[in-house]
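Below is one structure, written out as structure tokens, with a few remarks after it.
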Number of protein chains: 2
Amino acid sequence: MVHNVDHTDTGTQSVDRALLLLQRIGACGDDGGTLAGLVADTGLNKATVRRLLLALIRAGMVEQDDDSRYYLGMQLQVLGAQASRRPNLMRAAQESVMRLGQVTGDAALLTVRRGANTLCVMREEGSYPLRSHALVAGQTHPLGVGAGSLAMLASLPDDEIASVLAAITPVLADRYPRLPPDELMRLIERTRTDGIALNPGLVIDGSWGLGIALHYPDGRLAGALSVAAVEARMRPDRLPDLTRHLRAEAAQIETRLARTAPLKG
Amino acid sequence: MVHNVDHTDTGTQSVDRALLLLQRIGACGDDGGTLAGLVADTGLNKATVRRLLLALIRAGMVEQDDDSRYYLGMQLQVLGAQASRRPNLMRAAQESVMRLGQVTGDAALLTVRRGANTLCVMREEGSYPLRSHALVAGQTHPLGVGAGSLAMLASLPDDEIASVLAAITPVLADRYPRLPPDELMRLIERTRTDGIALNPGLVIDGSWGLGIALHYPDGRLAGALSVAAVEARMRPDRLPDLTRHLRAEAAQIETRLARTAPLKG
DNA sequence: TGGCTTGGTTCATATCATGAAACTTTGTAA
DNA sequence: TTACAAAGTTTCATGATATGAACCAAGCCA
């Protein structure tokens with residue numbers, strides 16, 4: 001008895017669930033996940049989770065240790081390495097993200113849109129000892145939550161923003177109390193005026209971010225480049241400098257993307 | 001109307017198929033795969049393949065370019081990076097595989113068992129210009145086909161060898177004409193006597209290999225380390241030297257594995 | 001001992017994946 | 001320009017297949 005989900009994804013419920021599990025296990029960190037934990041995370045039935053995990057284990061995507069904890073498997077390392085050989089956003093951005101992290105000393109992030117959500121795909125630690133760990137590679141947030149995410153949302157046409165907002169409003173109310181939809185709209189306006197997105201600690205207290213959207217040559221959204229740091233490192237006097245660096249690296253990434261065939265949505 | 005498949009994998013047909021597709025796309029190389037090609041590869045229905053691909057695309061595991069070719073997606077890079085953070089066979093072996101490739105000048109390979117098959121998970125190119133490309137990371141062969149694969153098979157108990165042989169016999173007959181089951185049995189005997197596996201160009205003409213099995217501290221099979229080269233680089237006078245290097249690196253890997261919690265099958 | 005938590009399995013049920021066929025698009029040859 | 005072919009994509013009736021409530025087993029603690 002499973003009604004849920006919109007009808008854009010039909011005919012592959014179990015595949016969707018299995019892939020969701022993979023992300024959840026990844027989000028569990030280095031200690032892996034337990035069956036009960038994954039059941040709680042996903043809201044799926046225990047038997048279902050177990051059955052899907054067995055399928056993932058069979059394919060090498062997941063491994064299980066003696067203590068019956070589940071981890072991401074070696075097949076993912078192999079596939080990940082294969083995926084890395086292709087020119088894509090991550091390759092185009094790699095160098096820039098690293099440089100941005102090293103030059104600014106803060107955490108440089110690359111994020112992409114995934115439906116009404118944002119996925120952080122790359123993170124370069126800055127050298128500054130006080131780190132903002134608000135965003136780690138593999139984490140997802142609703143579109144608009146966080147600097148890079150906000151930059152992406154603001155760059156969308158108004159009608160799409162409206163439908164995204166409709167989709168994420170319940171999640172915002174539930175998990176991001178300081179980001180109600182109307183506040184988000186104000187941030188979008190400001191982002192469009194400034195040409196850059198600033199998140200003044202609205203997701204996690206004291207964790208600020210500055211982000212800019214990246215586009216393919218044909219104008220389609222590719223992702224966002226951003227910098228995250230503690231509040232003290234994002235004072236007004238430092239913003240122009242950070243903005244300049246972000247803009248420069250973003251331009252470079254877009255130049256590299258221009259040499260690459262863009263991808264379908 | 002799908003009868004097939006043994007009953008070890010039950011209740012997740014679509015997940016199995018989706019994950020199979022991922023591997024196939026990976027095997028397509030840098031130019032990605034076409035729908036028709038993947039249909040031919042997997043023997044699945046066109047609509048089924050398409051539906052599974054859409055699910056994979058939704059999850060970011062696959063991307064599709066304007067020319068409607070399918071590629072491995074960025075989510076795999078993220079998950080692969082996450083998987084790499086954990087201590088496992090690939091981490092334990094990384095350094096040794098690289099050194100083996102550099103010292104011998106040939107291609108060093110790390111392979112693991114996946115049911116009745118072998119998956120190559122790592123490959124370090126040697127410096128020798130004439131390269132054997134018989135095995136690339138991500139490729140699978142039946143267990144016993146290739147030096148590392150043979151080393152793993154020979155290290156299994158007799159009853160398990162029998163059941164593996166039963167499983168792969170049709171594939172051998174179909175794709176590896178020079179490796180009938182009885183020839184494979186002889187190779188297994190020889191491997192057990194020598195304590196190392198030699199593949200004298202039986203899979204691909206002129207492509208030789210030397211392999212040794214790796215075990216977890218509790219005795220369970222972990223994988224195999226091997227070296228592949230053209231026939232001229234595997235003459236009898238060079239074998240003792242290669243064997244020594246292989247044995248040394250294998251011992252080092254097993255030492256590192258001993259510091260790691262072993263994993264369930 | 002008995003209750004509690006967590007991992008894992010079973011099996012009747014109806015939901016969901018299936019694939020043949022239709023449709024669309026693209027390329028190309030006449 | 002039309003005709004044809006080949007590849008990508010979508011539809012929909014059907015029953016094979018994934019589902020999850022209920023169950024078992026093992027470990028833990030008081």
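Every chain is numbered from 1, with letters handed out A, B, ... down the list of sequences.
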Q: Calculate the interatomic distance between A:Leu38 atom CG and C:dG8 atom C1'; express it in whole Å.
A: 14 Å
Q | Any side-chain donor near an acceptor of the partner, B:Gln77 and A:Asn88, under 3.5 Å | A | yes
Q. How about A:Ser14 and B:Ser14: does a side-chain donor come under 3.5 Å of a side-chain acceptor?
A. yes
Q. Cut-off 3.5 Å, side chains only: do A:Arg24 and A:Tyr70 have a donor facing an acceptor?
A. no
Q) Does any non-hydrogen side-chain atom of A:Arg114 lie less than 4.5 Å from one of B:Gln75? A) yes
Q. Does any non-hydrogen side-chain atom of A:Leu109 lie less than 4.5 Å from one of A:Val97?
A. no
Q. Roughly how many Å is it from CG in A:Asp67 to P in C:dT6, rounded to a whole number?
A. 13 Å
Q) B:Glu63 and B:Tyr71: side-chain donor and acceptor closer than 3.5 Å? A) no
Q: Let me know which of B:Leu72, B:Leu76, B:Ile25 forms a side chain to side chain contact (heavy atoms under 4.5 Å, CB included) with A:Gln82.
A: B:Leu72
Q: Starting from the 5' end of DNA chain C, give me the residue, A:Gly37 or B:Ser14, whose nearest nucleotide shows up first.
A: A:Gly37
Q. Would one find a side-chain N or O of A:Tyr70 under 4.0 angstrom from OP1 or OP2 of C:dT6?
A. no
Distances for protein N/O vs nucleotides 9-11 of chain C N/O pairs under 3.5 angstrom?
from	atom 1	to	atom 2	distance (Å)
C:dT9	OP2	A:Arg50	NE	3.0
C:dT9	OP2	A:Arg50	NH2	3.2

Q) Angle, rounded to 10°, between the helical axes spanning five pairs at each terminus of the helix from C:dT1-D:dA30 to C:dA30-D:dT1? A) 30°
Q. Just how far, in rounded Å, is P of C:dT18 from CG of B:Leu44?
A. 8 Å
Q) Would A:Glu254 and A:His215 satisfy side-chain contact (heavy atoms from CB on, under 4.5 Å), going step by step from the backbone distance to the final call? A) CA-CA 7 Å; A:Glu254 288 184 338; A:His215 296 271; 3.8 Å; yes
Q: Look at A:Thr12 and C:dA17 and indicate whether a side-chain polar atom (N or O) is within less than 4.0 Å of OP1 or OP2.
A: no
Q | Nearest to side-chain heavy atoms of A:Gln13, which nucleotide of D:dA7, C:dG7, C:dC16 | A | C:dC16
**Q.** Protein-nucleotide distance (B:Leu56, atom CG; C:dA17, atom P), rounded to Å
**A.** 13 Å
Q: Figure out the CG/P separation between A:Asp16 and C:dT15, and round it to whole Å.
A: 19 Å
Q) Nearest to the side chain of B:Arg17, which nucleotide is it out of C:dT6, C:dT18, C:dG8? A) C:dT18
Q | Atom pair CD/SG of B:Gln23 and B:Cys28 - distance to nearest 0.5 Å | A | 12.0 Å
Q) C:dT6 P sits how many Å from A:Asp41 CG, rounded? A) 14 Å
